[in-house]
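Just below is one structure, and these are the notes that go with it.
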Amino acid sequence: MAKHEQVIVAGFGGQGVMLMGQMLAYAATNEGLNTVWIPSYGPETRGGTANCSIAISDKMINSPVVTRPDSVVALNLPSLEKFEPKLKKDGLLIVNDAAIKDYEYRDDVRLITIDANKEALALGNLRVANMIMLGAYIQATGIFKKDAIIEVFKKTFSGDKAKLMDINVKALETGMKLAA
Amino acid sequence: MAKVLMKGNEAMALAAIKGGCDAFFGYPITPQNEVPEYLSYHMKEYGRVFVQAESEVAAINMVYGAAGAGARVLTSSSSPGIALKQEGISYMAGSQLPAVIINVMRGGPGLGSIQPSQGDYNQVTRGGGNGDYHVLSFGPETLQETVDLVRQAFDIADYYRNPVMIAVDGLIGQMMEPVDLDNEIPKMDLPPKDWAANGKSGERGKRNTIVSLHLDTQGLEGHNLALKKKYDEMVEKEQRYEMIQTDDADIVIVAYGTVARVVRSVIETLREEGIKVGLLRPITLWPFPEKAFEKLPESAKMLLTVEMSLGQMHQDVRMVNEGKRKLAFYGRAGGIVPEADEIADEVRKLVGGSPA
């Protein structure tokens, strides 16, 4: 199957959007695909907005800059407002709507809303909200199997961070279930 | 070897280690900080030298000293930091000292911004130091090409006894892309550094000195001509470029670095619309790849320069073109990377169509 996917992941600084995007780039690299991960960089701080774009393809990636994404994963309202208009028609929009009320979403996209904060707290740590979103994303796109992400987790959550493995796997599975 | 996913700055740092870099001297500046950060951890693992200097001026003079002692030396910075190093670079060219300089370009002038830019084209290709000198400089496109050139740059610098610069926009420094750091790259036959001032001549009373001062006019002119001969050799042998779908092109875009990648997307789109567009991609910024322009077909009636600055490389295109073809220019500045759509619209306008 030909693979070509451009996605933007955005949220508050500290929500782990950069890491979530990197997981996709690592999984793509492991599978021998071409990929480019680009972070927004600037005066970003915890609580400010941060985003990264990831292009994944089985062909050479020309423009590394993602301007018309196939998918947008938004973890907060400012990110939703900023990137929803850029999403391709019929594209995939996954939103953490924990603090979003009465938003009028585009009706020409595929929308998945998840209260990732509530789900993460139910697992015992708000900080895994990003991996819930990652689970939802791989489920909705089918771009990577769960095992491909678990392989990346094994490297990320090793050594001192090994204790974080279980909860992140659970978060991934939760997201996959919610997007199924 | 399998490809590894690395951030541009870190990949360049590791490539420098693999290229045989003995010593690094630098001073922090965004968006290149991961270069010194990575080297601060890893140089000592290889028994090599890492020093964070107190300023860019100090760093480049440390580079001068270590290069004079025969070491393979690296410094890295970003645009305003490179500006501060220009004096030292001129001295190194004058003293015929090799070094590799990584410039991760950001917006300017002055402190500008920390976002990606190609606004250093003139300071990269002309230099900001005094005197008749050149720095061999590369403007690679992908991370793979960047790391390959960083590894080769040490050989090239040693061969010519001249600074070599790798100039990438901030995006290449900040992005992650899979790279192979052990693939095959050309190796050069290098003469021993018998000029190095390292106290190892073996003969009492025979000492090497490293100077750029030549008070005697005849002597300096002779030195200038010797340097010129070296630069002529670079112009002859080092021009590197890539031509993409230029054979039947009516319009050829000239672009380097990240912009060239965006242009590749533009070509895909426009070719589907029947617009015959190609890309001439300089890989060396100095020497500017004049030879590539000689190879363009008669059909190419127009050249469009696209860059992340307001017409700096376009000046070189004008010089090489010598009035032969129609010229057009499109540039973005301030740290903005031009989008494929806006470049495509520019081409559509130029070929007489209407923007999509």
Side-chain angles (χ1 to χ4, degrees), chain A residues 2-4 6-9 17-45 48 50-70 83 85-86 88 144 148-149 151-153 155-156, chain B residues 2-9 30-34 78 104 106-107 113-116 141-145 168-180 244-245 255 257-269 279 281 306 308 332 335-344:
Chain A
K3 270 189 183 170
H4 188 78
Q6 297 191 321
V7 52
I8 290 176
V9 185
V17 298
M18 298 300 187
L19 182 65
M20 186 202 140
Q22 283 179 3
M23 295 283 174
L24 293 169
Y26 278 113
T29 305
N30 289 346
E31 297 201 355
L33 296 163
N34 293 311
T35 187
V36 177
W37 173 90
I38 297 176
S40 61
Y41 68 94
E44 269 95 359
T45 51
N51 68 80
C52 61
S53 69
I54 305 98
I56 296 169
S57 181
D58 49 14
K59 297 204 197 84
M60 177 180 170
I61 293 171
N62 291 331
S63 174
V65 184
V66 174
T67 45
R68 300 281 293 158
D70 302 296
F83 294 109
K86 296 181 192 286
K88 274 185 190 159
F144 296 117
I149 303 296
E151 278 308 305
V152 180
F153 277 8
K155 280 206 171 164
T156 308
Chain B
K3 288 189 171 186
V4 288
L5 183 69
M6 286 186 85
K7 192 167 193 172
N9 285 332
T30 308
Q32 64 81 54
N33 282 325
E34 295 87 353
S78 176
V104 183
R106 60 187 250 180
S113 81
I114 58 173
Q115 299 302 320
E141 173 190 41
T142 60
L143 202 45
Q144 185 66 56
E145 185 173 55
V168 296
D169 54 79
L171 197 77
I172 296 176
Q174 289 296 317
M175 73 185 188
M176 294 176 90
E177 194 167 33
V179 284
D180 181 350
I244 299 115
Q245 292 189 267
T258 293
V259 182
R261 288 184 81 161
V262 178
V263 168
R264 286 175 187 268
S265 294
V266 173
I267 291 173
E268 238 172 53
T269 308
L279 167 65
R281 180 173 76 86
V306 184
M308 282 192 268
R332 295 301 301 265
I336 295 168
V337 182
E339 294 182 6
D341 287 349
E342 56 186 279
I343 300 172

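Hydrogens, waters and symmetry mates play no part in the numbers below; they use all other heavy atoms, side chains included.
Of the inter-residue distances, the one linking Asn34(A) atom CG with Gln144(B) atom CD reads 10.5 Å to the nearest 0.5 angstrom. Considering OG1 of Thr142(B) and CD1 of Ile61(A), their distance stands at 11.0 Å, rounded to 0.5 Å. For the atom pair Cys52(A) SG and Met176(B) CE, the distance stands at 10.5 Å (nearest 0.5 Å). Atom-to-atom distance recorded for Lys3(B):NZ and Leu33(A):CG is 11.0 Å, nearest 0.5 angstrom.
Scored by the side chain to side chain donor-acceptor pair (under 3.5 Å) test, Thr35(A) finds no partners at all (sequence neighbours excluded). Scanning for side chain to side chain donor-acceptor pair (under 3.5 Å) contacts around Ser265(B) gives an empty result, with sequence neighbours left out.
The heavy-atom pair separating Pro64(A) from Met175(B) by the smallest distance is CB-SD, 4.4 Å.
For the pair Arg261(B)/Val36(A), a side-chain contact is recorded, criterion being any heavy-atom separation below 4.5 Å from C-beta on.
Between the side chain of Gln115(B) and the backbone N or O of Tyr41(A), at least one donor-acceptor pair lies under 3.5 Å. Here the side chain of Arg264(B) pairs no donor or acceptor atom with the backbone of Asn62(A) at under 3.5 angstrom.
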Verdict with supporting geometry, Val65(A) and Leu171(B), side-chain contact (heavy atoms from CB on, under 4.5 Å)
CA-CA 9 Å; Val65(A) 184; Leu171(B) 197 77; 3.9 Å; yes

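For Pro338(B), no part lies near chain A; criterion is any non-hydrogen pair under 4.5 Å.
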